[in-house]
Amino acid sequence: MDPTIPIHTVICLVCWSFSLLPLCASSSRHLLPGKPLSAGSTITSNDGTFALGFFSPSSSGTKQYYIGIWYKNIPEDNVVWVANRAMPVTDPSSATLAFTNGSDLALSDTNGQLLWTTNISAAGNSSSEATAGKATLYNNGNFILRSQGIILWQSFDYPTDTLLPGMNFRITHKTHALQQLISWRNPQDPSPGNFTYGAHPDEFLQRFVWNGSTPYRRSPVWNNFLVVGQYIGSIKSTIYFTLQTVDDEVYISFGVPAPSVSSLVLVKMDCSGKMKIRTWNSNVSKWTDLQSEPNQECNKYGYCGPFGYCDNTQPIVTCKCLDGFEPNNKQDWTARRFSQGCHRMEALRCGQGDGFLNMSSMKVPDQFVHVKNRSLDDCIADCTSNCSCTAYAYANMSTKVINGDETRCLLWIGDLIDTEKLMGEGENLYIRVNGFSGTVYCFCFCFSACASRYSLYFAGPVELQ
């Protein structure tokens with residue numbers, strides 16, 4: 001077989017059963033007015049990395065077809081964007097993607113049924129009125145519709161289940177809606193599935209995976225607004241995540257310093273509920289998951305119950321009670337049923353020598369109060385003076401460009417839920433405990449590691465009893 005002939009051309013000439021590949025061989029870089037895209041053509045990025053066209057993910061049974069973008073030279077799990085997720089095409093020979101009278105793109109069939117549109121005109125974009133446009137698939141996988149040099153619409157603004165390097169993902173909603181990644185329903189059905197990923201609507205500092213409307217997995221809270229990078233030995237590169245402000249909205253993006261085929265990386269909301277950072281290993285022609293969360297039952301949202309935490313530092317990842325707490329139901333705890341969580345071994349005596357136990361390397365709990373423009377001393381005082389404050393955490397965010405505040409004071413009122421101890425990352429969490437009473441002293445004395453792992457800070461006079 002001639003290696004210069006695209007493999008999808010050969011397959012299409014033989015049969016259409018391997019339909020994650022395009023339905024035909026001809027391709028172009030642009031979609032132009034008067035030249036619709038049909039099942040007989042594709043649009044390809046200039047460097048040949050990405051293709052756009054009709055595809056069907058189903059390998060058997062009744063096929064349904066979609067307009068999508070995929071990695072052209074990757075043979076499996078290669079689709080990164082889908083247009084008509086909820087309105088599939090049943091007969092690809094009857095459907096076209098074409099410009100309307102203005103600069104809108106529309107997918108419709110020969111019966112005139114509209115299956116998908118860019119809907120620029122409805123958004124009130126005056127530049128779109130009866131102005132010829134051009135749609136181009138770029139080397140980064142972004143499909144951009146321009147008119148007179150102005151970007152009217154781009155696929156990066158409407159992600160499906162995948163983030164590509166350089167794609168901005170909106171995590172605030174001052175003037176625009178929050179963006180979400182929505183999983184496929186299953187590996188052969190790209191219609192919207194059960195799992196979604198995005199920022200919490202009231203607090204962009206943390207992101208969630210939801211199963212329907214129920215929290216399924218929560219990310220660590222941002223504790224620095226500058227570049228966060230992690231070196232990955234298997235790809236010999238650093239993956240970085242950044243936050244930036246564009247038109248009064250906050251966006252998150254990721255990338256690698258020197259993108260190449262050997263460091264092809266993406267982030268995907270999988271239909272299993274896992275958020276995956278994946279790389280294509282060209283040596284063995286398969287995807288490798290660099291990160292997949294939740295990777296333990298313990299990492300699921302609230303799994304360890306109130307005042308419990310998931311300890312990721314042990315060979316066997318499991319739930320533990322925060323120091324100074326014990327299981328609410330010891331029988332359940334022994335049977336590895338942790339949902340009832342823990343309670344204090346000794347009630348707080350507010351203002352009578354209580355202090356704060358420092359637990360390091362923590363994913364801090366959910367349901368915090370974010371108090372802005374506070375120094376560390378202010379943050380401590382805010383929690384100390386409120387007897388209902390059960391914990392605090394503080395961070396210097398390095399810059400105030402993102403939200404006008406370079407400090408981050410978090411307070412917890414009531415239960416501490418969805419807490420984890422992390423390996424080699426995380427931050428300090430200060431938990432309110434009784435002062436250095438006999439009970440606490442005995443706890444630290446009986447567990448010799450206490451002195452090296454934790455520090456105790458007092459908010460009032462120390463009373464040794």
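The figures here come from the full heavy-atom set of this structure, side chains too, leaving out hydrogens, waters and symmetry mates. Just so you know, residue 1 is the first one in the sequence shown, and it goes up from there.
- For Phe307 against Asp415, the heavy-atom pair with the smallest separation is CE1-OD1, 3.3 Å.
- For Gly141 against Ser155, the heavy-atom pair with the smallest separation is O-OG, 3.9 Å.
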**Item:** side chain to side chain contact (heavy atoms under 4.5 Å, CB included) evaluation trace for Phe55 with Val79
**Value:** CA-CA 9 Å; Phe55 77 97; Val79 178; 3.8 Å; yes

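- Within the 3.5 Å criterion, the main-chain N or O of Gln296 finds a donor-acceptor partner in the side chain of Asn299.
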Checklist entry - Is there a side chain to side chain contact (heavy atoms under 4.5 Å, CB included) between Thr175 and Asp247 once you walk through the steps? => result CA-CA 9 Å; Thr175 57; Asp247 295 333; over 6 Å; no

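- Atom CG of Leu416 is separated from atom CZ of Arg432 by 12.0 Å, given to the nearest 0.5 angstrom.
- In this structure, Trp280 and Thr288 have side chains that are not in contact, with every pair of non-hydrogen atoms separated by 4.5 Å or more.
- Side-chain contact between Glu249 and Val246 is absent, with no heavy-atom pair separated by less than 4.5 Å.
- Judged by distance alone, with hydrogens and angles left aside, the side-chain atoms of Trp81 form a donor-acceptor pair with the main-chain N or O of Tyr158 at under 3.5 Å.
- Counting only distance, with no hydrogens or angles, the side chain of Thr42 and the backbone of Gly53 share no donor-acceptor pair below 3.5 Å.
- For the pair Met167 and Pro159, the minimum side-chain heavy-atom distance is below 4.5 Å.
- Checked against the 6.0 Å centroid threshold, Phe254 and Phe241 count as a close aromatic pair.
- Formation of a donor-acceptor pair under 3.5 Å by the Lys274 side chain with backbone atoms of Pro294 is found in this model.
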Checklist entry - Can Val267 and Thr162 be said to form a side chain to side chain contact (heavy atoms under 4.5 Å, CB included), step by step? => result CA-CA 6 Å; Val267 176; Thr162 302; over 6 Å; no

Leu181 vs Thr160, side chain to side chain contact (heavy atoms under 4.5 Å, CB included): CA-CA, chis, key distance, verdict:
CA-CA 5 Å; Leu181 300 183; Thr160 51; over 6 Å; no

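- Shortest non-hydrogen contact noted between Leu226 and Ser398 is CD1-CB, 3.5 Å.
- Between the side chain of Asn329 and the backbone N or O of Asp332, at least one donor-acceptor pair lies under 3.5 Å.
- No donor-acceptor distance shorter than 3.5 angstrom exists from the side chain of Ser282 to the backbone of Ser285, with no hydrogens or angles considered.
- Here the straight-line distance linking atom NZ of Lys363 with atom CG of Asn312 works out to 8.5 Å at 0.5 Å rounding.
- Within 6.0 Å of the CD atom in Gln331, the count of heavy atoms belonging to other residues, nucleotides or ligands does not exceed 12.
- Listed by first and then second residue, the salt bridge (Lys or Arg N to Asp or Glu O under 4.0 Å) pairs that reach into residues 396-409 are Arg408-Glu427, sequence neighbours excluded.
- In this structure, Thr196 and Met269 have side chains that are not in contact, with every pair of non-hydrogen atoms separated by 4.5 Å or more.
- Residue pairs meeting the salt bridge (Lys or Arg N to Asp or Glu O under 4.0 Å) criterion with at least one member in residues 221-233: none, sequence neighbours excluded.
- Within the 4.5 Å cutoff, side-chain heavy atoms of Leu410 are placed close to those of Val221.
- A search for salt bridge (Lys or Arg N to Asp or Glu O under 4.0 Å) contacts involving Glu425 returns nothing, not counting sequence neighbours.
- Formation of a donor-acceptor pair under 3.5 Å by the Thr279 side chain with backbone atoms of Leu264 is found in this model.
- Under the salt bridge (Lys or Arg N to Asp or Glu O under 4.0 Å) criterion, no residue pair touches residues 187-201, with sequence neighbours excluded.
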Compile the donor-acceptor pairs under 3.5 Å between side chains in residues 207-215 and protein atoms, sequence neighbours left out, one pair per line.
residue	atom	partner	partner atom	Å
Arg207	NH1	Leu205	O	3.0
Arg207	NH1	Ser219	OG	3.4
Arg207	NH2	Ser219	OG	3.3

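- Taking the six-membered ring for Trp and thresholds of 30 and 60 degrees, Trp333 and Phe338 have ring planes more than 60 degrees apart, a perpendicular arrangement.
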**Asked** Would Asn46 and Tyr138 satisfy side-chain hydrogen bond (donor to acceptor under 3.5 Å, both in side chains), going step by step from the backbone distance to the final call?
**Response** CA-CA 7 Å; Asn46 189 47; Tyr138 285 82; over 6 Å; no

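- Using modelled atom types, one side-chain atom of Asn434 and one backbone atom of Arg349 make a donor-acceptor pair closer than 3.5 Å.
- Here salt bridge (Lys or Arg N to Asp or Glu O under 4.0 Å) pairs that include residues 217-232, with residues two or more places apart or in two chains, are Arg217-Glu293, Arg217-Glu420, Arg218-Asp418.
- Remark: the Asp47 side chain and the Ser45 side chain contain an N/O donor-acceptor pair separated by less than 3.5 Å.
- When all heavy atoms of Trp287 and Asp77 are compared, the closest pair comes out as NE1-O, 3.3 Å.
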Evaluation steps, side-chain hydrogen bond (donor to acceptor under 3.5 Å, both in side chains), between Ser375 and Asp378: CA-CA 5 Å; Ser375 66; Asp378 291 338; 3.1 Å; yes

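- A salt bridge links Asp289 with Lys276: the distance from a Lys NZ or Arg NE/NH1/NH2 to an Asp or Glu carboxylate oxygen falls below 4.0 Å.
- Remark: Asp248 pairs with Lys174 by the salt bridge (Lys or Arg N to Asp or Glu O under 4.0 Å) rule, at least two apart or across chains.
- What you find for Arg336 and Tyr303 is that their closest heavy atoms are O-OH, 4.2 Å.
- Judged as a side-chain contact (heavy atoms from CB on, under 4.5 Å), and not counting sequence neighbours, the contacts of Ile380 are Leu376, Thr384, Tyr392.
- For the disulfide (SG to SG under 2.5 Å) condition, the pairs that include at least one residue of residues 312-341, sequence neighbours left out, are Cys304-Cys319, Cys321-Cys342.
- Looking only at distances, a side-chain donor or acceptor of Thr390 sits under 3.5 Å from a matching main-chain atom of Trp412.
- Between the NZ atom of Lys320 and the CG atom of Asp311 there is a distance of 4.0 Å, given to the nearest 0.5 Å.
- When atom types are taken as modelled, the side chain of Thr407 and the backbone of Arg374 share a donor-acceptor pair closer than 3.5 angstrom.
- For the atom pair CE of Met87 and CH2 of Trp116, the computed distance is 13.5 Å after rounding to the nearest 0.5 Å.
- Residues meeting the side-chain contact (heavy atoms from CB on, under 4.5 Å) test with Ser339, sequence neighbours left out: none.
- Listed here is the closest heavy atom pair of His173 and Pro201: NE2-O, 2.6 Å.
- To the nearest 0.5 Å, the span separating OG1 on Thr49 from CG on Asn73 amounts to 7.0 Å.
- Residues satisfying the ring pair (Phe, Tyr, Trp, His ring centres under 6.0 Å) test with Phe143, not counting sequence neighbours, are none.
- Side-chain atoms of Ile417 and Asp366, non-hydrogen and from C-beta on, do get closer than 4.5 Å to each other.
- For Tyr71, the ring pair (Phe, Tyr, Trp, His ring centres under 6.0 Å) criterion is met by Phe50, not counting sequence neighbours.
- Here the OG1-CD1 distance, from Thr172 to Ile402, works out to 9.5 Å after rounding to the nearest 0.5 Å.
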